[in-house]
Amino acid sequence: MKNLEKEYKEQISLETPDLWSRIEAGVDAYESSKKEAAPSVSVTDTDTKVVRFDTKKFINIIGKISVAAVLILAVAATYNVTRKGKSDSSTATEAAIADMQNASEATESYDSFKEAESAEMSESPIINDSPSVITNPESDSSYSKDTYPTLSPSEAIRPGELESDTNAEDSMGESADIRLIDKSARDLALSWDDAFIIYKGLTELGLTDITELKAEKDSVDGSLIYGPDYKDISLNVAGFFAGEDKIPYLLFYRTESGIEIIAVKNNETGEFIYINPTE
Amino acid sequence: MTEAAFDACIAAILNGNKQGLKDIYDAYLDYIYRIIYGIVGRREDAEDITSEFFIKLWQQADRYKSGSGHKGYLATIARNMALDHMRKYKKEVLDSFTKEDDDDVVNEPVSSSDTESQVIENIAIKEAISKLNPKEQQIINMKVLSEMTFAEISETLRVPMGTVTWRYREAVKKLRRYGYEES
């Protein structure tokens, strides 16, 4: 008996053809196709054209980039300026709020002052010594440098020192808008900010018992009175009473860069008890 | 061929040296051709697939992992290529195995009086194989030439493994009558 597996395998091996030339041809064909396919992913003449350095194009691109950069910088600068403006406005708003708070405090002190005045009016006799106090405060026996520092109106009432700036006008503008609701009120009103600063300035001038501080609509042209409403007008006039005998006074002041008292006039005698030295 | 020698051949192929492929070809052509022939059953098809096998080995040499047993690696690739060919072009052969008809008795030259161990004639192995019916030839080829297991044959031909083993035993009995027995 013959071995089935051995006989069969040997027989098939004997029949196995020589396939090497065929296989080699296949390998060569594969390598050729591989080399032909390779240039499509490597640098070729066509690829070189694509990446060739084009000076004009380069300059054109650089120019466009430069223009874009300038535009971006301009936008950024505008944005920063806008932000800064907003920040300043915020600061101004905060200052205005602070001023309003101060004005409120002034109102309270003004009310208490008015109440005290009423009480004194009912008790004290009328003493007409205010002019001497104003003309020469240091000669008055009641004058004290601690209570009334050396008066230098132009210095004492300077815009910066009065904690007021041009932005205050904005807040005053708002106050003016409110006053426009009631014309009669508008005619007589002073903003709390102005009233506080004026009251403080008048006190530094030596005036006491100041009452009924209000705009004098009949004293001058109305356009002069309502400075905040007419921004090109610099002079404002207000009236008030001072001293235990309630002497009427007229106050001339500016508001462009904060409240600045120009002059104070005794409205009974016509005598100016104070004129700003800078005028 | 040793593992080291095979690794050297693969390295040569990866360097574009065809001698590496030629060495593998010389060592394993018979083996690969036999495996493929055992599955496809036709000389022309076996030659085509064997050629494709070595070209593919050249193309995909980088996929070989050293130390994994190169002979088994080669046999697996050869079988898969032959089976792919079978599925594409020899569908009728595979379909015949799923039919219920039994053509075992066809071409059966042995008379009923002969015993299984009796050699009735000495013929060449290929002629003896040709005496088997197609299903038996397929299983003998796969088992002997392609060195497939019964399980692999069962899976490839999509028939129960019991049927495969039964047909194989029947084929061996017939071949014994022609002077061949399994080792």
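Per chain, numbering begins at 1; letters A, B, ... match sequence-line order.
Two residues are said to be in side-chain contact when any heavy atoms from C-beta on lie closer than 4.5 Å; L19(A) and F54(B) fail this criterion. Contact of the D26(B) side chain with the W20(A) side chain is not registered, since no non-hydrogen atoms from C-beta on lie closer than 4.5 Å. Side-chain atoms of E31(A) and Q59(B), non-hydrogen and from C-beta on, never get closer than 4.5 Å to each other. The side-chain heavy atoms of S13(A) and Y33(B), taken from C-beta on, include no pair separated by under 4.5 Å. At least one side-chain heavy atom of K126(B) sits under 4.5 Å from a side-chain heavy atom of E15(A). Counting heavy atoms from C-beta on, the side chains of N141(B) and Y8(A) come closer than 4.5 Å. A heavy-atom distance below 4.5 Å is not found between the side chains of R34(B) and T16(A). A 4.5 Å side-chain heavy-atom check between Y25(B) and D18(A) finds at least one atom pair inside the cut-off.
No more than 12 heavy atoms of other residues, nucleotides or ligands shown are found within 6.0 angstrom of CE on M161(B). Within 6.0 Å of CD on E155(B) lie no more than 12 heavy atoms contributed by other residues, nucleotides or ligands.
Contact check on K18(B) versus D28(A) returns a salt bridge, with a Lys/Arg side-chain nitrogen under 4.0 Å from an Asp/Glu carboxylate oxygen.
Distance CZ/R43(B) to CD1/I12(A): 9.0 Å, rounded to 0.5 Å. Once rounded to the nearest 0.5 Å, the distance linking NZ of K9(A) with OH of Y37(B) reads 15.5 Å. Rounding to the nearest 0.5 angstrom, the gap separating the CD1 atom in I125(B) from the CG atom in N3(A) is 9.0 Å. Going from atom NZ of K2(A) over to atom CG of L175(B) covers 12.0 Å, rounded to the nearest 0.5 Å.
Interface remark: K22(B) contributes backbone and side-chain atoms alike to the contact with chain A (heavy atom separation under 4.5 Å). At a 4.5 Å heavy-atom cutoff, the contact between I129(B) and chain A is made by side-chain atoms alone.
Most heavy-atom pairs under 4.5 Å with chain B: of the set E7(A), R22(A), E5(A), this distinction falls to R22(A).
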